[in-house]
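One structure below.
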Amino acid sequence: MVTIDQSDNIAAGTRRPLMDRIAERSGSDFLITLAGCVLAFLYLPIAVLIIFSFNESRTLTLPLQGFTLDWYSKMFSNADLLAAIGNSLYVATFAVSLTLVIGIPAAFALDRLSFPGKTVFRRLILMPIALPGVITGISMLNLFRVVGFNLSLETVILGHATALLAVTVTQIYARLQRLPRSMEEASADLGASPIQTFFFVTLPNIKAAIVGTALICFTLSFDEIPVTFFLTGRDNTLPMYIWSTLRRGITPEINAVGTIIILVSVVLIVFSVWLLHEPKKD
Amino acid sequence: MKLQTRKRIATLGVLSPPVLWALIFLFIPYLIMFTYSFYLKKFPTFEPAFQFGNYAQLVTDAQYYQVLFRTAKISIMVGLFSVLLGYPFAYFLVFKIKSDRVRAMLYMAVIVPLWVSYLLRAYTWKTILGSEGILNSFLVWSGILDAPTDIFLYNQFSMVVTLTYIYVPFIVMPAYASLEKIPRSLIEASKDLGVRPLRTFWSITLPLSSPGIAAGMTIAFCLTFGDFIAPALVGGPNGFMIANVLTSQFGAALNWPLGAALSIVTLLIVLTIISLSDTLQRSGKLELE
């Protein structure tokens with residue numbers, strides 16, 4: 001509009017950037033709105049869960065009825081629920097330990113060693129990350145049936161450790177790749193055995209990544225359903241307990257449990273992401 | 001000589017636990033499943049055999065191939081909608097946010113829900129979309145609706161909403177990574193040559209970030225394909241997906257051979273999609289060099 005009194009050529013030359021600027025501005029506005037919507041979409045359900053865990057009414061409808069802590073006290077007096085939480089802690093602790101004990105050498109082997117069948121080994125280990133959890137669960141169920149194992153929390157631990165191996169290996173492998181070889185070479189030159197080098201040089205350097213991975217695996221195990229569904233015996237883990245109550249109907253008690261789970265896992269996750277991304281100094 | 005032996009022992013020590021684990025808990029179970037898929041069902045269990053009846057049943061029995069098609073349809077829709085939401089978000093983070101701290105925080109804000117209880121997040125949608133749920137009570141309370149409606153829950157719509165909600169972060173991560181890698185000089189050069197922003201996007205940014213989109217869509221597709229929680233919670237009678245059928249074959253229906261065959265088919269579909277997407281991403285990378 002400013003350029004009306006100027007010649008056609010210049011007008012064409014300036015009008016275009018102006019229109020572009022308008023286009024870019026509206027493009028930006030559109031993107032901001034959309035980004036806001038995406039965040040709202042992601043956090044609305046979580047907010048709903050937390051808000052309704054304090055709502056007096058039994059049904060999850062609007063408007064809100066009033067503030068109460070009843071669902072939390074109900075939760076703490078529910079023996080089945082507490083047993084399920086205990087089971088989940090037991091399973092997650094041992095599954096994470098196992099997956100680290102197996103996964104760290106696996107990541108190390110994939111990064112530093114060459115051996116026959118390496119590609120097959122990598123594909124096999126990473127399989128559970130791409131495949132539906134149900135298939136991992138069913139195939140392990142087949143194995144336990146063939147060898148005659150009774151299903152129990154221990155078989156669930158083996159299942160979780162196997163499914164989480166893919167996560168552990170990917171995370172530790174990524175960290176190992178960023179680790180300069182020179183330190184290990186120096187250690188070897190100074191006469192340390194490979195095992196000494198591993199425990200005194202490599203391991204301390206990937207400590208943060210290991211803790212980060214452990215936390216992520218812990219939350220994943222704590223929330224795992226598909227594998228647990230097939231491998232558990234009479235004992236329920238927490239998600240399996242929630243799952244079976246959900247099928248009977250919704251109670252605000254679940255919201256109370258959910259709120260606590262979400263708060264704890266957000267803390268663990270933020271901490272672990274920080275640990276996994278921290279080392280930029282080297 | 002001595003050092004060599006010591007090295008070999010160390011290598012073996014590092015290698016054997018994970019290799020044995022992969023063999024016992026991954027390779028052998030898959031092998032058993034593969035074997036079962038040729039067995040014959042014989043109530044209440046099954047007997048060893050070598051026949052393709054189970055696979056034939058999957059192809060000829062409408063009940064099964066329809067579930068396969070429905071699962072594929074829903075997975076594709078979830079992949080598409082996740083990209084439509086996740087890609088612009090990643091673009092916004094990379095190109096529109098100036099402060100590194102804000103960008104890191106927003107990125108974190110998208111990633112965190114990914115790790116937070118999948119079950120609880122899926123279940124919350126049930127409480128939001130149900131006929132007595134939050135959406136309905138809000139619509140009635142505000143006068144938009146006279147009576148609660150049941151069109152929001154227990155159908156493919158609720159399933160696509162719930163699954164898209166869960167897989168958006170899976171798109172943001174790879175899309176962000178690939179957008180971040182695009183040299184800014186290319187975009188500036190295009191701008192300097194007088195190319196419109198939208199055309200710059202279509203001919204430079206979008207093609208160069210397509211590997212990230214492909215990676216994200218593959219993850220969303222594969223994970224949706226094997227999901228059994230969302231269909232069971234919000235899917236309703238017409239929302240059964242492969243994983244639910246699998247579950248029933250190994251449970252109530254007690255037809256392990258058929259279930260094994262279906263598992264193998266699912267496995268093959270997922271692996272095919274992954275390797276296709278790998279090839280696609282690799283060819284996309286070549287273009288950049």
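Below, read A as the first sequence line, B as the second, and so on, with proteins coming before strands; counting in each chain starts at 1.
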Query raised in the report: Do B/Lys96 and A/Ile32 come within less than 4.5 Å of each other through their side chains, counting heavy atoms only?
Result: no
Query raised in the report: Which answer fits B/Leu223, side chain, backbone, both or neither, if we ask what part of it has an atom under 4.5 Å from a heavy atom of chain A?
Result: side chain
Query raised in the report: Between the side chain of A/Ser221 and the main-chain N/O of A/Phe218, is any donor-acceptor distance below 3.5 Å?
Result: no
**Report entry** Under 4.5 Å from any heavy atom of chain A - which part of B/Ile229
**Finding:** both
Requested in this report: Check whether any side-chain heavy atom of B/Phe221 sits under 4.5 Å from a side-chain heavy atom of B/Val270, and report yes or no.
Outcome: no
Requested in this report: Going by the ring pair (Phe, Tyr, Trp, His ring centres under 6.0 Å) test, name the single residue among B/Tyr123, B/Phe228, B/Tyr118 that passes it with A/Trp243.
Outcome: B/Phe228
**Report entry** Engaged part of A/Ile261 at the chain B interface, taking heavy atoms whose separation is under 4.5 Å
**Finding:** side chain
**Report entry** Max heavy-atom pair count under 4.5 Å with chain B, selected residue of A/Leu44, A/Val257, A/Val264, A/Ile225
**Finding:** A/Ile225
Query raised in the report: Is A/Thr168 close to A/Cys217 at the side-chain level, that is, under 4.5 Å between some pair of heavy atoms?
Result: yes
Report task. Output the option from A/Ile125, A/Leu165, A/Leu158 having the highest count of non-hydrogen pairs under 4.5 Å with chain B. Result -> A/Leu158
Query raised in the report: Using 30° and 60° as the class limits, which term best fits the ring planes of B/Tyr91 and B/Tyr87: parallel, tilted or perpendicular?
Result: tilted
Please tabulate, for the side chains in residues 14-21 of chain B, all donor-acceptor contacts under 3.5 angstrom to protein atoms that are two or more places apart in sequence or on a different chain.
residue	atom	partner	partner atom	Å
B/Ser16	OG	B/Leu12	O	2.6
B/Trp21	NE1	A/Thr162	OG1	3.1

Query - chain A contact via B/Ala232 - which portion, at a heavy-atom distance below 4.5 Å - result: both
Requested in this report: Give the member of A/Val120, A/Leu49, A/Ile138, A/Leu39 that has the highest number of heavy-atom pairs under 4.5 Å with chain B.
Outcome: A/Ile138
Requested in this report: Considering only heavy atoms, give the residues of residues 260-269 of chain B separated from chain A by less than 4.5 Å, sorted numerically, with 'none' for an empty result.
Outcome: B/Ser263, B/Thr266, B/Leu267
Requested in this report: For the residue pair A/Thr237 and A/Glu224, establish whether any side-chain heavy-atom pair is separated by less than 4.5 Å.
Outcome: no
Report task. Could you check whether the rings of B/Tyr107 and B/Tyr176 sit parallel, tilted or perpendicular, using 30° and 60° as the cut-offs? Result -> tilted
Report task. Give me the one residue out of B/Phe81, B/Trp125, B/Tyr167 that meets ring pair (Phe, Tyr, Trp, His ring centres under 6.0 Å) with A/Phe41. Result -> B/Trp125
Query raised in the report: Measuring heavy-atom distances to chain A, does B/Thr218 have an atom under 4.5 Å in its side chain, in its backbone, in both, or in neither?
Result: neither
Report task. Examine whether an atom of B/Leu139 lies under 4.5 Å from a heavy atom of chain A, and if so say whether it belongs to the side chain, the backbone or both; otherwise answer neither. Result -> neither
Report task. Output the residues of residues 99-111 of chain A for which the shortest heavy-atom distance to chain B is under 4.5 Å, in residue-number order; output 'none' if no such residue exists. Result -> A/Ile102, A/Pro105, A/Ala106, A/Phe108, A/Ala109
Query - A/Thr155 side chain to A/Leu231 backbone, donor-acceptor under 3.5 Å - result: yes
Report summary line: When the 4.5 angstrom heavy-atom criterion is applied to A/Phe230 and chain B, the contacting part is side chain
Query raised in the report: So, do A/Phe198 and A/Glu184 sit near enough that their side-chain heavy atoms are less than 4.5 Å apart?
Result: no
Query raised in the report: Okay, side chain of B/Asp227, backbone of B/Leu163: is any donor-acceptor separation there less than 3.5 Å?
Result: no
**Report entry** Interface residue of largest heavy-atom contact number with chain A, from B/Cys222, B/Pro169, B/Gly226, B/Ser117, under 4.5 Å
**Finding:** B/Ser117
Requested in this report: Start with the C-alpha distance between B/Trp256 and B/Tyr39, add both sets of side-chain angles, then the distance that settles ring pair (Phe, Tyr, Trp, His ring centres under 6.0 Å), and finish with yes or no.
Outcome: CA-CA 9 Å; B/Trp256 283 33; B/Tyr39 279 16; over 10 Å; no
Report task. Heavy-atom distances under 4.5 Å only: say whether A/Ile51 touches chain B with side chain, backbone, both or neither. Result -> neither
Query raised in the report: How about B/Ile166 and B/Thr224: do any of their side-chain heavy atoms sit closer than 4.5 Å?
Result: no
Query raised in the report: Based on non-hydrogen pairs under 4.5 Å, which of A/Ser28, A/Ala35, A/Gly159, A/Ser265 is most in contact with chain B?
Result: A/Ala35
Query - Proximal component of A/Phe229, with respect to chain B [non-hydrogen, under 4.5 Å] - result: side chain
Report task. Examine whether an atom of B/Ile274 lies under 4.5 Å from a heavy atom of chain A, and if so say whether it belongs to the side chain, the backbone or both; otherwise answer neither. Result -> side chain
Report task. List for me each residue that meets side-chain contact (heavy atoms from CB on, under 4.5 Å) alongside B/Met108, sequence neighbours excluded, and say none if there are none. Result -> A/Val270, A/Val273, B/Val112
Report task. Counting only heavy atoms closer than 4.5 Å, note whether A/Leu113 contacts chain B via side chain, backbone, both or neither. Result -> side chain
Report summary line: If one checks every heavy atom of B/Tyr36 against chain A at 4.5 Å, the contacting part turns out to be side chain
Query raised in the report: Between A/Val38, A/Thr136, A/Leu42, A/Val48, which has the largest tally of heavy atom pairs under 4.5 Å with chain B?
Result: A/Leu42
Query raised in the report: Where does A/Leu220 contact chain B at under 4.5 Å (heavy atoms): side chain, backbone, both or neither?
Result: side chain
Report task. Please determine which of B/Leu26, B/Ile32, B/Leu31 meets the side-chain contact (heavy atoms from CB on, under 4.5 Å) test together with A/Leu143. Result -> B/Ile32
Query raised in the report: Given the options A/Thr219, A/Ile216, A/Ile242, which has more heavy-atom pairs under 4.5 Å with chain B than any of the others?
Result: A/Ile216
Report task. Under 4.5 Å heavy-atom distance to chain B, tell me which part of A/Leu34 shows up: side chain, backbone, both or neither. Result -> side chain
Query raised in the report: Looking at side-chain heavy atoms only, is the closest gap between B/Tyr165 and A/Pro45 below 4.5 Å?
Result: yes
Report task. Can you tell which part of A/Leu268 gets under 4.5 Å to a heavy atom of chain B, answering side chain, backbone, both or neither? Result -> neither
Report task. Without swapping roles, check the side chain of A/Arg112 against the backbone of A/Leu176 for a donor-acceptor pair under 3.5 Å. Result -> yes
Query raised in the report: How about B/Leu119 and B/Leu233: do any of their side-chain heavy atoms sit closer than 4.5 Å?
Result: yes
Query - Evaluation steps, side chain to side chain contact (heavy atoms under 4.5 Å, CB included), between B/Ile242 and B/Phe225 - result: CA-CA 7 Å; B/Ile242 289 183; B/Phe225 206 78; 3.5 Å; yes
Query - Contacting moiety of A/Phe30, where chain B heavy atoms sit under 4.5 Å - result: neither
Query raised in the report: Given that the side chain runs from C-beta out, which part of A/Arg122 has a heavy atom under 4.5 Å from chain B: side chain, backbone, both or neither?
Result: neither
